[in-house]
Amino acid sequence: MIRFDILTVLPGLLESPFAHSILHRAQKKGLTEIHVYNLRDYSSNKHKSVDDYPYGGGSGMVMMIEPFAVCIEKLKAEREYDEVIFMTPDGVTLNQGLANKLSSVKNIMILCGHYKGIDQRVRDLYVTREMSIGDYVLSGGELPAAILVDAIVRLIPGVLSDETSALSDSFQDDMLDAPVYTRPADWKGHKVPDILLSGNTPEIEKWRFEQAMERTKARRPDLLE
Ligand code: ADE
């Protein structure tokens with residue numbers, strides 16, 4: 001069971017990703033808990049504002065420390081966190097190895113930033129890990145947070161119905177996946193490779209490995225280094 005506590009100014013952005021499919025089922029099965037907190041509820045300001053102008057000038061607003069600090073301190077008083085992760089394009093890029101590692105912890109807090117950034121003191125005081133989902137800039141940390149949660153939750157034993165299917169994922173062994181097919185065997189003359197219809201399991205496995213290797217060499221040679 002992994003518990004996620006996600007702090008955001010846009011809780012609505014996180015509703016749908018967790019309400020469907022595997023993430024939804026994992027919560028119903030009690031294999032994960034995902035809690036979302038609206039930072040506005042932790043502002044003492046009478047306008048419930050969560051951001052302010054940057055010291056020193058410059059464009060964009062900066063998220064204030066107070067709502068983060070109050071919410072984080074409250075949660076930390078309730079349980080111990082293995083990780084407090086800040087989603088940011090200047091963090092370490094998420095990969096399957098990191099997802100594997102994080103799937104073995106108990107309590108993960110995720111901070112979502114917005115606007116021009118968050119007060120550096122939040123990062124200095126609370127964050128154990130800064131993570132990016134890739135070299136591009138999104139409008140906020142919510143979609144990256146949902147991606148991180150998805151990548152972790154599907155690795156929790158019992159979440160996927162076929163336990164082996166996460167093990168055979170692309171990247172799990174530093175290789176991409178072989179192509180897959182389903183019925184019909186012939187779609188307007190476009191045929192499924194004969195080998196897959198042969199019933200010869202060892203030959204099929206061999207073919208899959210070769211295909212995976214070819215694909216990895218062509219698309220992601222860096223994985224084979
Ligand atoms: N926030 C904005 N862009 C991001 C990214 N690429 N990864 C993580 N958090 C982000």
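For the single chain, residues carry numbers from 1 onward in sequence order. Counting starts at 1 for both ligands and their atoms, following the listed order.
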Short side-chain donor-acceptor distance under 3.5 Å, Asn45 and Ser43: no
So that I can tick it off, tell me whether Glu205 and Arg208 are bridged by a salt bridge, with the cut-off set at under 4.0 angstrom between side-chain N and carboxylate O. yes
Qualifying residue, where the test is side-chain contact (heavy atoms from CB on, under 4.5 Å) with Leu75 and the options are Val70, Leu7, Asn107: Leu7
List the atom of Gly60, the atom of Pro54, and the distance in Å for their closest heavy-atom pair. O-CD, 3.1 Å
What residue among Glu66, Glu73, Lys74 forms side-chain contact (heavy atoms from CB on, under 4.5 Å) with Tyr42? Lys74
State yes or no: do Tyr55 and Val50 share one hydrophobic cluster built from I, L, V, M, F, W and Y residues joined by side-chain heavy-atom distances below 4.5 Å, directly or via other members? no
List, ordered by chain and residue number, the protein residues whose closest non-hydrogen atom lies under 4.0 Å from any atom of ligand 1. Met87, Thr88, Pro89, Met131, Ser132, Ile133, Gly134, Tyr136, Val137, Leu138, Gly140, Pro144
